[in-house]
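Computed from a predicted structure; not experimentally measured. Heads up: numbering here begins at 1 and tracks the sequence.
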Amino acid sequence: MARIPPDPRYLVRRQRIGQRIREARLHADLSQQDIVTRTGMDRSAYQDIEHGRTSPMLDNLLRIADAIGVPLADLVREEQPPLRREQQGLPSDPPAPTSP
């Protein structure tokens, strides 16, 4: 079975998530070993997530967020608001019908 090449957009997101995890961990004054101990994760697996080398599974993200003491949303939020339909190249929504 042929392997599908990774989408560059997901690579960037994965790296941002890892960066947010690292920033939150440092802000909480925790070491990587603290997180590994609290989550039960393998140290190299955690390092791969923090460095953006691998996509974290949801269970691991939840464990990491709990270990750091931050909401999961803080680790995975998008930095920019979603694009409007026109910005995505889609037709804008039709105007609402007016009453006679």
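Interatomic distance, CZ of Arg13 versus OG of Ser55, reported as 11.0 Å (0.5 Å rounding). Between the CD1 atom in Ile17 and the CD1 atom in Ile64 there is a gap of 10.0 Å [rounded to 0.5 Å]. Considering CD of Gln19 and CG of Leu75, their distance stands at 12.0 Å, rounded to 0.5 Å.
Counting only distance, with no hydrogens or angles, the side chain of Arg53 and the backbone of Gln15 share no donor-acceptor pair below 3.5 Å. In this structure, Arg22 contributes its side chain and Glu50 its backbone to no donor-acceptor pair below 3.5 Å.
Of all non-hydrogen atoms in Ala65 and Pro71, the two that sit nearest each other are CB-C, 4.3 Å. Minimum interatomic distance between Ile68 and Ala24 (heavy atoms only, all atoms of both residues): CG2-O, 3.6 Å.
Contact annotation: the side chain of Asn60 never approaches that of Tyr46 to less than 4.5 Å [non-hydrogen atoms, C-beta and beyond]. Residues Met41 and Ile49 form a side-chain contact, since some pair of their non-hydrogen atoms from C-beta on lies under 4.5 Å apart. Side-chain contact between Leu58 and Leu72 is present, with heavy atoms from C-beta onward closer than 4.5 Å. Between Gln32 and Ile35 the shortest side-chain heavy-atom distance does not fall below 4.5 Å. Residues Ile21 and Leu61 meet the side-chain proximity criterion, which asks for heavy atoms closer than 4.5 Å.
Atom NE2 of His51 is surrounded by more than 12 heavy atoms from other residues, nucleotides or ligands within 6.0 Å.
When the side chains of ILVMFWY residues are joined at heavy-atom separations under 4.5 Å, either directly or via intervening members, Met57 and Leu62 end up in two distinct hydrophobic clusters. A single hydrophobic cluster is not seen to contain both Leu30 and Leu26; linkage of ILVMFWY side chains at heavy-atom distances under 4.5 Å, directly or through other members, places them apart.
Sequence neighbours left out, not one pair with a member in residues 27-47 passes salt bridge (Lys or Arg N to Asp or Glu O under 4.0 Å).
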